[in-house]
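Worksheet: one structure, shown below.
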Protein chains: 2
Amino acid sequence: MNRPYSKALKCLQDFGLRPTRQRLALAKILFDGDDRHVTAEVLHNEVNGTGAKVSLATIYNTLHQFTEAGLLKEVILDSNRTYFDTNISDHHHIFFKEDEILADLTSEDLVISSLPEVPEGKKISAVNVVIHMENS
Amino acid sequence: MNRPYSKALKCLQDFGLRPTRQRLALAKILFDGDDRHVTAEVLHNEVNGTGAKVSLATIYNTLHQFTEAGLLKEVILDSNRTYFDTNISDHHHIFFKEDEILADLTSEDLVISSLPEVPEGKKISAVNVVIHMENS
DNA sequence: ATAGCTGCAAATGCTTTGCAAGGCC
DNA sequence: GGCCTTGCAAAGCATTTGCAGCTAT
């Protein structure tokens with residue numbers, strides 16, 4: 001492929017985000033391949049390993065901008081880490097404790113057959129499900 | 001009732017925790033009534049409002065001791081707050097965003113009819129479900 | 001007496017922010 | 001040029017920890 005940034009570039013342009021060097025580097029890692037589940041720290045190490053220098057503060061800012069733009073979803077796992085998921089469809093997660101790996105569940109893997117009644121004047125804004133696995 | 005600490009005292013004794021003034025005050029608030037969902041901060045304000053003085057560090061330590069003893073369950077909601085739940089049965093939660101209220105769901109409110117296959121050598125250690133409600 | 005508990009204050013770890021310098025259009 | 005973006009360092013916040021003094025048994 002001779003246009004290695006095309007996908008990343010398009011993402012940014014589509015959402016009115018100025019394609020700076022830092023945003024391109026991050027978008028390339030996040031969107032030019034399979035779905036990813038990253039923490040700010042992992043992404044920081046990864047992007048700086050490629051030679052591009054992006055500060056941690058900018059990683060955080062950019063992850064939140066991408067999330068606001070609808071390019072990412074935040075996943076709450078535990079109180080120490082925020083994961084960002086490039087799969088923005090409605091889906092659930094499985095977390096492997098020892099490996100610290102977060103993965104998607106398909107709609108076949110987990111089925112919720114009944115949800116609580118929604119009170120007047122309220123709406124469901126999210127249904128967060130995380131299955132925690134550990135070594136037996 | 002002329003033995004206002006009986007229930008709290010029993011909890012502590014049953015789990016081999018020395019019934020100190022601080023632990024009794026916290027156990028009384030947590031276990032002498034309906035199920036509660038508290039954060040360390042809320043519990044701190046509440047217990048100090050009763051006249052008992054308990055430091056925030058001790059609140060945290062005690063909440064974790066109670067959790068390890070099986071008297072409480074930790075509930076992960078978002079990355080800013082850890083809630084502790086006195087309902088230790090297997091159940092799910094609903095969170096009302098504007099009111100910052102966390103409540104239990106019964107097994108009728110939410111039904112999970114299928115779980116993912118468990119890989120060899122692994123086991124499910126938790127199934128965390130939180131329905132987020134907001135004003136519509 | 002002594003092992004365990006508490007409180008304070010300092011440390012930690014992740015995340016956010018203020019602001020001056022730099023980059024994109 | 002002008003506005004947006006970045007990077008650094010400092011601040012923030014919830015939580016944890018070290019340690020000296022206290023307390024239940």
> Atom CG of B:Leu63 and atom C1' of C:dT6: how far apart are they, to the nearest Å?
Replying inline: 15 Å
> Phosphate oxygens OP1/OP2 of C:dG7: is one of them under 4.0 Å from a side-chain N or O of B:Arg21?
Replying inline: yes
> Given that B:Pro19 and A:Lys53 both sit by DNA chain D, which one's nearest nucleotide is further toward the 5' end?
Replying inline: A:Lys53
> When the distance from CZ of A:Arg18 to P of C:dG22 is rounded to whole Å, what number comes out?
Replying inline: 16 Å
>> Under a 3.5 Å distance rule, please check whether B:Thr86 uses its side chain to pair with a backbone N or O of B:Arg36 as donor and acceptor.
In response: yes
> If you group Ile, Leu, Val, Met, Phe, Trp and Tyr whenever their side-chain heavy atoms sit less than 4.5 Å apart, what else falls in with B:Phe95?
Replying inline: B:Val75, B:Leu77, B:Tyr83, B:Leu102, B:Val130
> Would you say the side-chain atoms of B:Ser136 pair up with the backbone N or O of A:Gly121, donor to acceptor, closer than 3.5 Å?
Replying inline: yes
>> From CG of A:Leu77 over to P of C:dC14, roughly how many Å is that when rounded to an integer?
In response: 14 Å
> In whole Å, what is the span from the CD atom of A:Glu41 to the P atom of C:dT16?
Replying inline: 14 Å
> Once you round it to whole Å, what is the distance between C1' of C:dC14 and CZ of B:Arg81?
Replying inline: 16 Å
>> Of the options D:dT6, D:dA24, D:dA14, whose atoms approach the side-chain atoms of B:Tyr60 most closely?
In response: D:dA14
> Of all the nucleotides listed (D:dT6, C:dT17, C:dT15), which has the minimum atom distance to the side chain of A:Leu56?
Replying inline: C:dT15
> Does A:Thr58 put a side-chain nitrogen or oxygen below 4.0 Å from OP1 or OP2 of D:dT6?
Replying inline: no
> Does the side chain of A:Thr82 get closer than 4.0 angstrom to OP1 or OP2 of C:dC14 through an N or O atom?
Replying inline: no
> When the distance from CG of B:Leu17 to P of D:dA24 is rounded to whole Å, what number comes out?
Replying inline: 15 Å
>> Any side-chain N or O of A:Gln22 below 4.0 angstrom from OP1/OP2 of D:dG7?
In response: yes
>> Measuring to OP1 and OP2 of C:dC5, would you say a side-chain N or O of B:Arg23 lies under 4.0 angstrom away?
In response: yes
> Do B:Phe84 and B:Tyr60 have ring centres separated by under 6.0 Å?
Replying inline: no
>> I want to check one thing: is the phosphate of D:dA24, taken as OP1 and OP2, less than 4.0 Å away from some side-chain N or O of B:Thr20?
In response: no
>> Using a 3.5 Å distance criterion without hydrogens, assess whether the side chain of B:His91 forms a donor-acceptor pair with backbone atoms of B:Ser89.
In response: yes
> Atom CD1 of B:Ile59 to atom P of D:dT17: distance rounded to whole Å?
Replying inline: 17 Å
>> So if I take every side-chain heavy atom of A:His64 and compare against C:dC5, C:dT16, C:dC14, which nucleotide ends up nearest?
In response: C:dT16
> What's the CG-P distance between A:Asn61 and D:dC4, to the nearest Å?
Replying inline: 15 Å
>> Of the listed nucleotides (D:dT5, C:dC8, C:dC14), which one gets closest to any side-chain atom of B:Ala57?
In response: C:dC8
